[in-house]
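As structure tokens, the structure follows; a few thoughts come after it.
Start at 1 and go down the list; that is how both ligands and their atoms are numbered.
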Amino acid sequence: MGWKENLAVVRDKIEKAAARAGRCPEEITLLVVTKYITAAEIKQLVDYGLREFGENRIQDARRKQEAVAGLTDAVRWHFIGSLQTNKVRLAVGNFQLIHSLDRLPLAEELNRVALARQVKVPVLLQVNVSGEVSKHGLAPDAVLPFYARVQTLPGLIPCGLMTMAPYTSEPETTRPVFRGLRLLFERIKEEFNPGPHWRELSMGMSNDYEVAIEEGATIVRIGSAIFGAEEEG
Ligand SMILES: *Cc1c(COP(=O)(O)O)cnc(C)c1O
């Protein structure tokens, strides 16, 4: 199957998972992860009407953004990969949302560059709910104190939480990870009264997005289910 057929399958599964959970499919953003494809291929996606793209490497992201920029200014780019502090200047002002804020020095540098450029940076706090050592993200215990610090930085807009579940052949086993993220999201809402920006739960990838939607995902990040498990391009 080509990507259009795969995309239709994914959209159908998103609708069905939303229906099972009594949710509107419109509440869920399908973030198309374009790290597997070239800028020329992304142009085809734009022509097809897709508008939300995610990249995990900053230089690739910037190159693809430039290649696509002439087509429309309606594209919304998300940065989903781990961000080195010395690459912050490449990220600030160039993304709808940065999903991977996971440490204080990064928060402070994003804030510093944002203030210098007089922009605000919408961010998600990345949480390592499962505790896998190979994964980035804050330990669940650290999330509330970290939020308390981030909230004081005027250049940042904290919009919610992001996690990656461990890869598994049995997606159902990821449910406690997604539920754990949602509970942290709710606790922050109760304890800090963060306001209307606090609304995103970025969770669920090709392998587990249906479970994530049942557990409240507002953004699912999907690459290989659409493009096949190709090499990154
Ligand atoms: C690559 C990537 C995805 C997409 O993964 P697939 O399994 O290909 O859907 C989602 N989130 C992050 C952070 C990624 O790096």
Margin query: Quick check on ring pair (Phe, Tyr, Trp, His ring centres under 6.0 Å): which of Y36, Y48, F227 does W3 satisfy it with?
Written below: Y48

Checklist line | Where ligand 1 meets Y36 - atom numbers and elements under 4.0 angstrom, heavy-atom basis | finding: 1 (C), 5 (O), 6 (P), 8 (O)

Checklist line | Numbering as shown, the atoms of ligand 1 that approach I222 to under 4.0 Å (heavy-atom distance) | finding: 9 (O)

Notebook entry, point to check: If you look at every heavy atom in M205 and I222, which pair is closest and at what distance?
Noted result: C-CG1, 4.3 Å

Notebook entry, point to check: Rounded to the nearest 0.5 Å, how far does OG1 of T173 lie from CG of D208?
Noted result: 8.5 Å

Next item on the list: Going by heavy-atom distance to atom 14 (C) of ligand 1, choose the closest among K35, H99, R221.
Entry: K35

Notebook entry, point to check: Which atom pair, heavy atoms only, marks the closest approach of T34 to E55?
Noted result: OG1-OE2, 2.7 Å

Checklist line | Residue-ligand contact I80/ligand 1, heavy atom below 4.0 Å | finding: yes

Notebook entry, point to check: With only distance considered, is G223 within less than 3.5 Å of ligand 1 through an N or O on each side?
Noted result: yes

Note to self: In terms of relative ring orientation, are W198 and F185 parallel, tilted or perpendicular, with 30° and 60° separating the classes?
What the structure shows: parallel

Next item on the list: Taking only heavy atoms of S224 into account, list the atoms of ligand 1 that are under 4.0 Å away from them.
Entry: 6 (P), 7 (O), 8 (O), 9 (O)

